[in-house]
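Below is one structure, written out as structure tokens; comments come after it.
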Amino acid sequence: MDEINDIYEKLGGVISKDDFTRKVEEKVEQMSGLCDTRTAAMLVAHDLGVSDTGAEQQIQKISGITPNSGNVKLIAKVMTVYPAKEFNRNDGTVGRVANLIVADETGSIRLTLWDDRADLVKSGEIEIGQTFQIAGYVKEGYSGVEVNVGNNGVFCESDEKIEARIESRQIKDITNGMGDINIRARVLDISDIRTFNKRDGGTGKVANLLIGDETGKIRVTLWDELTDFTQQIEIDDSVEIINAYARENNFNQQVEMQVGNRGTIKKIEEEVEFKESFTPISDIIPGESYSISGQVSGLGEIREFNRDDGTVNMVSNIYVSDDTGRIRIALWGDHALLVDELDIDTNIEIIDAYSKSGFNDEIELSAGNRTRINVR
DNA sequence: CCCCCCCC
């Protein structure tokens with residue numbers, strides 16, 4: 001308890017030493033181990049209206065934290081808790097590390113807890129929604145600026161009311177290599193769950209969503225347990241994704257969002273707006289993905305064919321016209337069956353079809369399994 | 001780490 005003497009001295013006798021010690025012990029108990037004695041003493045002093053306890057430092061708002069902020073003190077709410085991990089140090093001891101995302105009213109930041117503090121994650125004592133007084137040092141981590149809290153830092157539950165803000169990115173601003181992406185968006189398409197063999201011999205699961213906001217749309221890849229989420233949502237639901245990262249896909253060079261074991265996705269009540277943008281048929285050039293809206297102006301037959309790998313598929317061709325032109329659409333797989341339901345002049349939207357130079361060097365659209373077709 | 005861009 002000697003460590004709290006200097007704090008008691010600063011109180012100038014507003015309380016007896018015994019009462020102060022008792023209050024500190026109560027505070028430690030209240031915090032159920034989430035607070036060390038010294039920090040508890042500072043909180044008690046603060047409760048008594050004495051804030052000049054020598055360790056007071058201005059509370060830093062998260063939006064103002066930069067890689068050069070050094071030691072910072074903040075009060076923030078836990079938004080995401082990642083599992084604690086153990087690792088072996090060179091000296092033979094076992095280190096522990098855990099990450100959180102915390103937020104205040106100005107933004108969010110990654111918090112890295114070490115050793116004893118990481119153990120609080122492992123023991124389940126840190127929950128989403130709790131608010132903490134935090135003191136740590138800032139450094140540039142592999143996915144951006146983060147606050148590190150080791151054994152010399154402060155990590156202490158606080159009853160301060162924090163209006164936490166997770167800043168959502170807009171889809172148009174997502175670029176290759178970006179990390180810690182938070183986004184709210186509308187679900188436009190949901191894939192089946194596929195399984196695959198991992199390099200290490202295990203089995204993995206993968207599923208995709210297409211999501212959109214006011215600024216665009218992007219494909220999202222969900223891995224392993226997160227694929228179950230595709231069973232819990234429907235098209236036009238809105239979702240919030242926390243901590244995704246963006247990577248360029250290596251087969252068509254599109255930037256996609258990945259949600260791995262560090263990310264979360266959940267349904268939200270707020271409805272995110274999305275408006276499909278349709279390209280005039282005359283503006284279509286080969287090698288891109290397009291959405292068009294028009295009327296059916298030609299109908300072909302369903303045809304079965306064998307692919308090189310021996311599998312059987314089917315295709316039908318239709319033509320669609322708008323005010324600017326007319327284009328052939330190849331409907332692949334199940335889409336081929338649609339010709340039986342269409343008439344000339346039926347209004348149709350072909351969404352996310354791939355353009356290429358086809359038969360007779362004319363540009364055509366391929367409606368494959370990532371294409372949606374609306375008939376109205 | 002996973003996958004459509006295939007037909008005549």
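Below, chain A is the first sequence line, B the second, and so on; all start at residue 1.
Residues from residues 290-313 of chain A placing a heavy atom under 4.0 Å of any atom in DNA chain B, listed by number, are A:Arg303, A:Phe305, A:Arg307, A:Asn313. Only A:Tyr354, A:Lys356, A:Phe359, A:Glu364, listed by number, bring a heavy atom of residues 354-364 of chain A to less than 4.0 angstrom from any atom of DNA chain B.
Here B:dC5 presents its P atom at 9 Å from CG of A:Asn369, a figure rounded to the nearest Å. Here B:dC4 presents its P atom at 12 Å from CG of A:Asp192, a figure rounded to the nearest Å. Atom CZ of A:Arg372 and atom C1' of B:dC4 are 13 Å apart (whole Å). A straight line from CG of A:Asp224 to C1' of B:dC1 spans 8 Å, rounded to a whole angstrom. Taking atom NE2 on A:His335 and atom C1' on B:dC6, their separation rounds to 13 Å, with Å as the unit. At whole-Å resolution of the value, CG in A:Asn317 and P in B:dC7 are 11 Å apart.
Using a 4.0 Å cut-off, no side-chain N or O of A:Asn249 falls inside it from OP1 or OP2 of B:dC2.
Using a 4.0 Å heavy-atom criterion, one finds that A:Gln254 contacts no nucleic acid atom at all. Residue-level contact check: A:Arg219 touches the bases, meaning some heavy atom is under 4.0 Å from a base atom. No engagement by A:Asp200 is indicated, since no non-hydrogen atom pair under 4.0 Å with the nucleic acid exists.
Membership of the apolar cluster around A:Val220 extends to A:Ile171, A:Ile174, A:Met178, A:Ile181, A:Ile183, A:Val187, A:Ile190, A:Leu209, A:Ile211, A:Ile218, A:Leu222, A:Leu226, A:Phe229, A:Ile233, A:Ile235, A:Val239, A:Ile241, A:Val255, A:Met257, A:Val259, A:Ile265, as traced through chained side-chain contacts below 4.5 Å between ILVMFWY residues. A:Ile75 belongs to a hydrophobic cluster with A:Ile59, A:Ile162, counting contacts under 4.5 Å between side-chain heavy atoms of Ile, Leu, Val, Met, Phe, Trp and Tyr, direct or through other members. Other residues sharing the hydrophobic cluster of A:Val154, ordered by chain and number and joined by side-chain separations under 4.5 Å: none, the residue standing alone.
In terms of polar N and O atoms assigned as donor or acceptor, the side chain of A:Arg199 never comes within less than 3.5 Å of the base of B:dC1 in a complementary pairing.
Residues satisfying the side chain to side chain contact (heavy atoms under 4.5 Å, CB included) criterion with A:Arg303, sequence neighbours excluded, are A:Val315, A:Asn317.
When side chains are defined from C-beta on, A:Glu341 does not count as touching A:Val375, because their heavy atoms never get closer than 4.5 Å. Looking at heavy atoms from C-beta onward, A:Lys217 lies in side-chain contact with A:Leu188 at the 4.5 angstrom threshold.
Residue ring and base: A:Trp332 counts as stacked with B:dC6 (centre distance below 5.5 Å, interplanar angle below 30°).
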- Checking side chain to side chain donor-acceptor pair (under 3.5 Å) for the pair A:Asn182/A:Ser168: CA distance, chi angles, key distance, verdict? CA-CA 5 Å; A:Asn182 306 323; A:Ser168 266; over 6 Å; no

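Put simply, A:Ile373 and A:Val296 are part of the same group of oily side chains (I, L, V, M, F, W, Y) that touch within less than 4.5 Å, one to the next.
Interatomic distance, CD1 of A:Ile292 versus CD1 of A:Ile284, reported as 5.5 Å (0.5 Å rounding).
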